[in-house]
Amino acid sequence: MIYNGDFLGVARLHRLAAHVSTPLVRRSISWLLLFCCLPQLVTSTQKAREKSPPPAPTFRLVDITASAHIQFEHAVSPEKKYLVESMSGGVLLLDYDQDGWLDIYFTNAPSVDQALHGQKARSALYHNNHDGTFTDVTDQAGVGYPCWAMGGAVADYNNDGWPDILVTCEDGLVLYRNNGDGTFTDVTKQAHLTDRRWTTGAAFADYDGDGFVDLMVSRYVELDLKNLPQFGVGATCHFRGIPVQCGPRGMKGMGDSLYHNNGDGTFTDVSKSAGVDDAAGYYGLGILWSDFNDDGRPDLFIADDSTPNYLYRNDGGGHFTDVSFVSGTAVSGDGSEMAGMGVAACDYNHSGRFSIHVTNFEGQNNSLYRNDGDMNFTEVSYAAGIGIATVPYLGWGTGCVDLDNDGWPDLFVVNGHVYPQVDTLEVGAKYRERKLVFLNQHDGTFRDVSNLVGPAIAVPQPSRGAAFGDLDNDGRIDVVVENIDGAPMILHNDGTHTNHWITLQLVGTRSNRLAVGTKVKALAGALVQIDEVRSGGSYLSQNDMRIHFGLGNQEKVERIEIRWPSGRTEALQNLSADRFYVIKEGEGIVPPERARPIVKKGAQTASPSR
């Protein structure tokens, strides 16, 4: 069966073969693929040769980890005997000292054996030195040992102007309040965030428009470090005939939690009354807030592992409606439950609507849900050209960002298996895997350019989190990858193109201070783009909160339209390209110093101006 140039039948048979443990059956399926599809493949290849080759990408992603002086290493659990040892590794980008440069926070986690012996793994905060290097400031900041850390998110929960850090943990949450002097204070208990269940994804948004960001967290499975399933024992503890860690199937899932921000430094669990408590007990991972139906209220998407995804429509009044299945985002296009890990949203096809990209398990394609309007989505992974290329890999962190500044968002994915034991298999995926880069073709499709944007992309690693932002303020999006074993990888975007760009830092007044949930529309010549300020996303990670638009050959933006979470709308005219702008709600463009905190350092709460 051929669909828009992709062989859906090939992909489905490939997926079947990947889960067959008998070598004879695997070889039979391979011969069937060759016999059935060779004529179509030959014809397709001949047609491709008749066309002129596509232009080479105008950027390269270069590994600068060593030159950046990043010496962090995630603790290593070589055998990954337990599920919890395979799932951590989120990374956060934030400007914690408000100097205009992105800093990096790496989360860390020990092995089960280390934890049972009281040993901890050190997370690390790196300060950006403005010269391409970073300095470890973890000890001064006081954020080295939050917990068995999974990942986290960033927001200014108390509106004091300083971005705070939320860390998700094997045993709950840790909230670090930014004191504004280079240090943080653990305020988890004071904030009433004391649920000790295993928490994975997190993201903030002001779902009720009261000026304070609320917190949504996803949870995975019930876990007792002293009573874990025995490695390789049980029906769900084998993969292609070899013993592996158990789960998540066969383990009990846990509900998710929505915490309402009370505006006084505390939160209240409103999960059940809001209708987002996950009574089914799915295995929650990546979280994304986005206004999918353009009604001014943030909706909620949760990527679930081995269970259906959730999509909740924000109805206002503090209530959400589960539209997962009716929207078309709960399962794949052929009705299969997928193993959702990371998630990203963007308007990849310039429809004026945010679509959703989800990374999945090896043997499954990554999912691209095209937003058709009115909370209706169509799964177009194969039609968009990312289906077959992603089937062999196990995907985690992902971003839908404009890597070449042409005005069209591209896709970036990091991969890595959960089972080190797959390296003993004769065929199939390996534990360490390469990364994937898909270039937007401006027609609703992507081109796999993974082999054309630098050798660092092909380096096999056990990757988990990925965060995207302009680390050196050169107008190009860089990538920070956290690997679950050993050192991370910092990928600098060495663009050789002359495409223009614009970056906007938004500051709320009536809205929450970091402007989370603000929607921006940019009009530059024929380019019309939209984006949002988002907390969380990717796989348990945090991207740069500044809005970045590539502009192609446009030297200015004729009009910027902003819709703040407070409901206020503003418009700006004729902004020159290749510049950073600070835009303050109600005041327009202001000098950078006007974006810095106006409250006293260490203040716990500052109400939004109304």
Side-chain angles (χ1 to χ4, degrees), residues 153 201 203-207 216 286-303 309-315 320-321 323-324 326-330 340 342-359 366-381 383-384 386 398-402 407-413 438 440 442 444-446 468 477 504 506 515-523 527-538 541-550 560-565 569:
F204 290 88
D206 183 6
Y207 74 85
M216 185 71 196
I287 292 182
L288 180 77
W289 289 96
S290 186
D291 185 3
F292 292 115
N293 57 357
D294 198 29
D295 64 356
R297 296 187 291 263
D299 308 298
L300 177 63
F301 180 87
I302 302 177
N309 302 317
Y310 275 120
L311 178 59
Y312 297 104
R313 185 187 65 224
N314 188 339
D315 299 324
F320 295 76
T321 296
V323 296
S324 311
V326 297
S327 69
T329 60
V343 61
C346 67
D347 181 17
Y348 78 96
N349 57 353
H350 285 192
S351 66
R353 298 180 291 267
F354 297 114
S355 298
I356 305 170
H357 180 248
V358 183
T359 56
N366 290 349
S367 304
L368 180 61
Y369 297 104
R370 186 188 64 208
N371 190 336
D372 298 325
D374 297 324
M375 299 299 276
N376 294 308
F377 292 77
T378 302
E379 209 256 289
V380 295
S381 309
I386 69 168
T398 182
C400 191
V401 295
D402 189 354
W408 295 77
D410 311 300
L411 285 173
F412 185 101
V413 180
F438 297 95
N440 196 318
H442 308 182
T445 69
F446 294 86
F468 303 82
I477 300 298
L504 313 174
L506 303 176
V516 174
T518 302
K519 182 178 180 180
V520 181
K521 184 177 183 179
L523 297 88
L527 285 173
V528 180
Q529 302 177 68
I530 60 170
D531 204 352
E532 290 174 319
V533 180
R534 297 191 182 97
S535 165
S538 184
S541 296
Q542 175 67 58
N543 299 326
D544 187 351
M545 284 189 172
R546 296 175 296 187
I547 296 288
H548 176 92
F549 290 116
I560 293 282
E561 298 175 0
I562 304 172
R563 186 177 68 198
W564 301 88
T569 59

Item to check | Residues Ile356, Val343; criterion side chain to side chain contact (heavy atoms under 4.5 Å, CB included); working and verdict | outcome: CA-CA 7 Å; Ile356 305 170; Val343 61; 3.7 Å; yes

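- Summarising the geometry, atom CG belonging to Leu411 is positioned 9.0 Å from atom CG belonging to Asn366; distances are rounded to the nearest 0.5 Å.
- The side-chain heavy atoms of Met545 and Val516, taken from C-beta on, include a pair separated by under 4.5 Å.
- Of the possible polar contacts, one joining the Asp291 side chain to the Gly296 backbone as a donor-acceptor pair under 3.5 Å is found.
- With salt bridges taken as basic N to acidic carboxylate O contacts below 4.0 Å, one links Asp294 and Lys519.
- Using a 4.5 Å heavy-atom threshold, the side chains of Thr518 and Pro565 count as touching.
- The shortest distance between side-chain heavy atoms of Phe412 and Ile477 does not fall below 4.5 Å.
- Partner Tyr348 forms a ring pair (Phe, Tyr, Trp, His ring centres under 6.0 Å) with one of Trp408, Phe446, Phe438, Phe354 and no other, that one being Phe446.
- The two residues Gly536 and Ala203 come nearest to each other via the heavy atoms CA-CB, 4.2 Å.
- Minimum interatomic distance between Asp402 and Gly550 (heavy atoms only, all atoms of both residues): OD2-CA, 3.4 Å.
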Checklist entry - Passes side chain to side chain contact (heavy atoms under 4.5 Å, CB included), Val401 versus His548? Steps please. => result CA-CA 9 Å; Val401 295; His548 176 92; over 6 Å; no

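- Under the 4.5 Å side-chain criterion, counting only non-hydrogen atoms from C-beta, Ile560 is in contact with Val520.
- A side-chain donor-acceptor contact under 3.5 Å links Ser381 to the backbone of Leu368.
- For the residue pair Ser355 and Asn371, the shortest heavy atom distance occurs at OG-N, 3.0 Å.
- Note: Cys346 SG to Asn440 CG = 8.0 Å, rounded to the nearest 0.5 Å.
- Between Gly352 and Asp347, the shortest heavy-atom contact is N-OD2, 3.0 Å.
- Rounding to the nearest 0.5 Å places OG of Ser538 at 13.0 Å from CD1 of Ile287.
- When every heavy atom of Phe204 is checked against every heavy atom of Ser535, the shortest pair comes out as N-OG, 3.1 Å.
- Salt-bridge check for Asp299 with Arg297: failed, with every basic side-chain N at 4.0 Å or more from each acidic carboxylate O.
- Interatomic distance, Lys521 NZ to Arg563 CZ, rounded to the nearest 0.5 Å: 10.5 Å.
- Not one N or O on the side chain of Asn349 forms a donor-acceptor pair closer than 3.5 Å with the backbone of Gly444.
- Within the 3.5 Å criterion, the main-chain N or O of Gly517 finds no donor-acceptor partner in the side chain of Trp289.
- Here the options are Asn376, Asn309, Thr378, the test is side chain to side chain contact (heavy atoms under 4.5 Å, CB included), and the partner is Tyr369; only Asn309 passes.
- Asn314 places a side-chain N or O within donor-acceptor distance of the main-chain N or O of Tyr207, the cut-off being under 3.5 Å.
- No donor-acceptor pair under 3.5 Å is formed between the side chain of Thr569 and the backbone N or O of Ile562.
- A distance-only check finds a donor-acceptor pair linking the side chain of Thr359 to the backbone of Gly342 [under 3.5 Å].
- Rounding to the nearest 0.5 angstrom, the gap separating the CZ atom in Phe549 from the CG atom in Leu523 is 9.5 Å.
- With ring centers used as reference points, Phe292 lies 6.0 Å or more from Phe301.
- Taking CZ of Arg534 as the reference point, atom CD1 of Ile547 lies at 7.5 Å (rounded to 0.5 Å).
- Side-chain atoms of Glu532 do not come within 3.5 Å of backbone N or O of Ser290 as any donor-acceptor pair.
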